[in-house]
Amino acid sequence: MYVPAGAVVPFGPEIEHTAQKTDAPYTIVVYTGKDGAFDWYEDEGTNYNYEQGDFSTIALSYNEAEQALTLGQREGSFEGMAENRQFRVIWVSPDAPFDFSLENLDKGKVYDYTGEELVIKR
């Protein structure tokens with residue numbers, strides 16, 4: 001699979017339906033080499049409340065010069081939203097390739113995110 005430098009690719013834990021809650025960490029795979037960004041969107045997943053603004057977003061950005069991934073401050077909220085969550089970060093580069101498989105998504109360091117900006121250095 002070809003993934004361009006600068007890609008910030010999220011993966012969630014395995015679930016059976018959108019209403020299922022899990023405490024498992026979410027995984028973010030960062031393909032270094034260029035700056036990149038991704039907006040994390042989340043809502044209740046079971047209704048249309050997002051149409052009234054019940055959702056949250058987190059801006060994720062990777063800065064190649066600083067070798068840092070920033071998880072921005074959470075914007076918005078919805079009923080039942082997890083205030084804190086864990087993100088596992090996997091860094092991929094030409095000198096540290098990633099063998100893509102579901103088992104390898106459990107590799108990487110886990111960080112606690114509380115909704116405030118979090119900067120993670122490579």
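No hydrogens, no waters, no symmetry mates; every other heavy atom, side chains included, goes into these values. Residue numbers start at 1 and run along the sequence shown.
No more than 12 heavy atoms of other residues, nucleotides or ligands sit less than 6.0 Å from atom CG of D23. Crowding of E14 atom CD: a count of heavy atoms from other residues, nucleotides or ligands under 6.0 Å not exceeding 12. Counting non-hydrogen atoms of neighbouring residues, nucleotides and ligands closer than 6.0 angstrom, the CD atom of E79 reaches no more than 12 such neighbours. More than 12 heavy atoms of other residues, nucleotides or ligands sit less than 6.0 Å from atom NZ of K21.
Residues Q52 and Y50 bring no donor and acceptor atom of their side chains to less than 3.5 Å of each other. Inspection of the D43 and Y41 side chains reveals an N or O donor paired with an N or O acceptor under 3.5 Å.
Linking Ile, Leu, Val, Met, Phe, Trp and Tyr residues whenever their side-chain heavy atoms come within less than 4.5 Å places F38 and W91 in a single cluster. F87 and I90 sit in two unconnected hydrophobic clusters of ILVMFWY residues. Membership requires side-chain heavy atoms under 4.5 Å apart, directly or through other members. Cluster annotation: I28 is not connected to V92 through the hydrophobic network of ILVMFWY side chains, with a link wherever side-chain heavy atoms come within less than 4.5 Å. Connection of L71 to Y62 is established within a shared hydrophobic cluster, with ILVMFWY side chains joined at heavy-atom distances below 4.5 Å, either directly or through further cluster members. Hydrophobic clustering places Y31 together with F11 (ILVMFWY residues linked when any side-chain heavy atoms are closer than 4.5 Å, directly or through intermediates).
Residue pairs meeting the side chain to side chain donor-acceptor pair (under 3.5 Å) criterion with at least one member in residues 113-122, sequence neighbours excluded: Q67-R122, S93-R122.
Note that CG of D54 is 7.0 Å distant from OG of S77, once rounded to the nearest 0.5 Å.
Put simply, the residue from L60, N63, V119 that forms a side chain to side chain contact (heavy atoms under 4.5 Å, CB included) with T70 is V119.
Judged by distance alone, with hydrogens and angles left aside, the side-chain atoms of E75 form no donor-acceptor pair with the main-chain N or O of T57 at under 3.5 Å.
Closest approach of V8 to G36, counting heavy atoms only: CG2-C, 4.0 Å. A pairwise comparison of heavy atoms in P13 and T22 identifies CG-CG2, 3.4 Å as the closest pair. Looking at every heavy atom in both residues, R74 comes nearest to A82 through NH2-O, 3.4 Å.
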For V30 and V89, run side chain to side chain contact (heavy atoms under 4.5 Å, CB included): C-alpha distance rounded to whole Å, both residues' side-chain angles, the deciding distance at 0.1 Å, then the answer. CA-CA 7 Å; V30 180; V89 178; 4.2 Å; yes
Would E64 and T32 count as a side chain to side chain contact (heavy atoms under 4.5 Å, CB included) here? Give the steps. CA-CA 7 Å; E64 176 67 17; T32 63; 3.7 Å; yes
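Legend: residues meeting salt bridge (charged side-chain N to carboxylate O under 4.0 Å, His left out) with R85, ordered by chain and number and at least two apart, are E42.
Between R88 and K107 there is no side-chain heavy-atom pair separated by less than 4.5 Å.
Taking the six-membered ring for Trp and the full ring otherwise, the centers of Y26 and W40 sit less than 6.0 Å from each other.
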